[in-house]
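Beneath this line is the structure, given in C-alpha cells, with notes to follow.
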Protein chains: 2
Amino acid sequence: MYASRWTIFSEKNRILAANCTTMDNLIRPFLERYCHGMVLTTDTLSELENHMTIVKYAKDKILLAENQTHDYAYYILQGAARSYYLKDGIEVNTWFAFEGEVIGSLHAYNNLPSRETVELLEEATLVSVNLRTLKPFIHSNLPISNFIRAVIEEYAQFLEDRLFNSQFMSSMERYELLLKHEPQALQRVPLTYIASYLGISRETLSRLRSK
Amino acid sequence: MYASRWTIFSEKNRILAANCTTMDNLIRPFLERYCHGMVLTTDTLSELENHMTIVKYAKDKILLAENQTHDYAYYILQGAARSYYLKDGIEVNTWFAFEGEVIGSLHAYNNLPSRETVELLEEATLVSVNLRTLKPFIHSNLPISNFIRAVIEEYAQFLEDRLFNSQFMSSMERYELLLKHEPQALQRVPLTYIASYLGISRETLSRLRSK
DNA sequence: GTGATTTTGTGACATTTGTCAAATGAATGC
DNA sequence: GCATTCATTTGACAAATGTCACAAAATCAC
C-alpha cells in the first residue's frame, strides 16, 4: 500500500524486514492511536509518512542529549527508554517509556535545547518523526494539525496526571502506582533509577519495598 | 468593531463597561497572545468571539468544582485564583494564577469531571470560553485548530516546566522561584496556601523564610 | 476602637529520610 | 569456574521535616 515510502536506515534492520510483510504494519498503530475517529486520506497518510522512518538502535544509545536541539520525536515500537537530568552532577530520572509511547518534548518541538538526556535502556525499534520537515505542514493542513494536536493533547494529559501524582501522592503511593501502571518497569528498570524517579534514596526505596 | 458581539452577564459589570470603549480591547490581549504571527481573519475572530464572554465574579467564587464536569475555560483579565485538591480531607494547593493566565484543564476540555477545585482569591474579571460550543469548530477550521493548538502547546510547556521544577528543585529553591516569577503571589496568597503548594508544612516554610 | 478570628511565627519533641559504611546477592567477562 | 563488577539490602547515626502546643501579629466584624 504505502509501505514503499518507508526508508529504513538502521544497520540491523534485517530482523525487522523479515518479520513484517509491509512496513505500514509497524507505523499503523502509531497513526491510528491519534486519529480518534478522524479519517486520514491517503494523501494525508502519505504526507505524514514522508516525515517518518523506522530505526533500530542498540542499548545505551542517547536519543536526545542535554543542551542540544533535536529534529526528531520517536514512537516506541519495541524497547525501553529513560530520561534523566544532571543535578549537581547526579542523575535524576524523570520518566521511563515502553512500547506504544512517544518520546519527545515541547523543547525539541520548538527547536529549543533539551534540558534532559534520553537514553535507551534496551535495544529498541522506533518510529522516528522529523519535526523540522513536518512542522510547516501542521499550520497549513487541517488533518495534520488535528493529528498533531491529538498527540500534544495526550502529552499534556500525561503531564497533568504526572504533576497531579507528584503533588498528591507519597513516595510509597507513587511506587505502587508505578507497579500498577507499568509493572514491566520493575523488571526492566534498575531500582536505582526508580528511586531517583520517585525522589527518594535507593536505601529508602529498599526499605519501603521490604514491607 | 466586533464589540457588539460580546454579551455581558455579570451582575457587577458596570465598572467594566465604563472603563472600556469597546469590549474587544479586553479580549484582544488573549487572542493576540496565542496568534504567534498567524493572521486571524475577521470571520475567525467573529467565530471565536461567539464562544467567549466577559464575566466578573466575587472573591471565593468556585470556578471549577471537584468531581464535576465544566463547560468553560477562563482567561484572567484582573484578579487571582488558586486550585486545590482534597487529600484525606486536607486542601493541597496545586497552582495560583494571576492576570494574563489561562484557567482550564484537559479534563474540562475532554468533558471529564475535574479532580481539582478552582477558587477565586480576589474579585476577578475573566474571559469565559465555552468549550462545548467551540470544540466542534476546532476540528473543521484550520485557523481555530492552530489557535487552540497554540493554547494547548503553551499549557503543555507550562506543565513540563512545573514538573521539571517539582522534581529537580528543593522546597527552598522552589520558594525562591515563586518569589522571582510571581512576586505578587507573596502579597496576594496566604502563606498557608504557599506552603501547601510547595509540599511542606506551614512551620517549615516559616522557618525557611526567617533566613 | 475593641474583641474575635485568622494568619503567621517559635519551641520541644517524634518521625522520617538521607548519608555513610559494610554485607549480601546477582550479573558479567575471561 | 572464578574473579570482578554492579545492584540491592541492612545497620547506625545525623539532619531535616512534621506534629503539637502556644504566642504574637495581622485582619475582620461590629
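So that the names make sense, note that chain A is the first sequence line, chain B the second, and so on, each numbered from 1. Keep in mind it's a predicted model, so treat the numbers as computed, not measured.
The shortest side-chain heavy-atom distance between A/Tyr109 and A/Ile148 falls under the 4.5 Å cut-off. Residues B/Leu198 and B/Thr204 have side chains not in contact (no heavy-atom distance under 4.5 Å, counting atoms from C-beta outward). The shortest side-chain heavy-atom distance between B/Met52 and B/Tyr75 does not fall under the 4.5 Å cut-off.
Put simply, the side chain of A/Gln68 never gets that close to the backbone of A/Ser114: no donor and acceptor are under 3.5 Å apart. Using a distance-only test at 3.5 Å, with no hydrogens or angles considered, a donor-acceptor pair links the side chain of A/Ser196 to the main chain of A/Asn93. A/Thr94 places a side-chain N or O within donor-acceptor distance of the main-chain N or O of A/Ser83, the cut-off being under 3.5 Å.
Donor-acceptor pairing under 3.5 Å is recorded for the side chains of B/Asn146 and B/Arg149. Residues B/Arg209 and B/Tyr175 have side chains that bring a donor and an acceptor to within less than 3.5 angstrom of each other.
Contacts between residues 82-99 of chain B and DNA chain C, defined by a heavy-atom separation below 4.0 Å, involve no residue at all.
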(request) Report, as a single string ordered 5' to 3', how protein heavy atoms within less than 4.0 Å touch nucleotides 7-23 of chain D: B base, S sugar-phosphate only, - not at all. (result) -BBBBB----SSBB---

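B/Glu99 has a carboxylate O that lies under 4.0 Å from a charged side-chain N of B/Arg188, or vice versa, which qualifies the two as a salt bridge.
In this structure, the side chain to side chain contact (heavy atoms under 4.5 Å, CB included) partners of B/Asn110, at least two apart in sequence or on a different chain, are A/Glu153, A/Gln157, B/Leu106, B/Leu112, B/Lys135. Remark: B/Lys61 engages B/Tyr57, B/Leu63, B/Leu120 in a side chain to side chain contact (heavy atoms under 4.5 Å, CB included) (not counting sequence neighbours).
Between chain B and DNA chain C, the heavy-atom contact criterion of under 4.0 Å yields a 5' to 3' nucleotide range of C/dT8 to C/dA12.
Bending across the helix from C/dG1-D/dC30 to C/dC30-D/dG1, expressed as the angle between its end axes from five pairs apiece, amounts to 50° (10° rounding).
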(message) The test is ring pair (Phe, Tyr, Trp, His ring centres under 6.0 Å); show your working for B/Tyr193 and B/Phe96 and say whether it passes.
(response) CA-CA 9 Å; B/Tyr193 294 167; B/Phe96 311 108; 7.1 Å; no

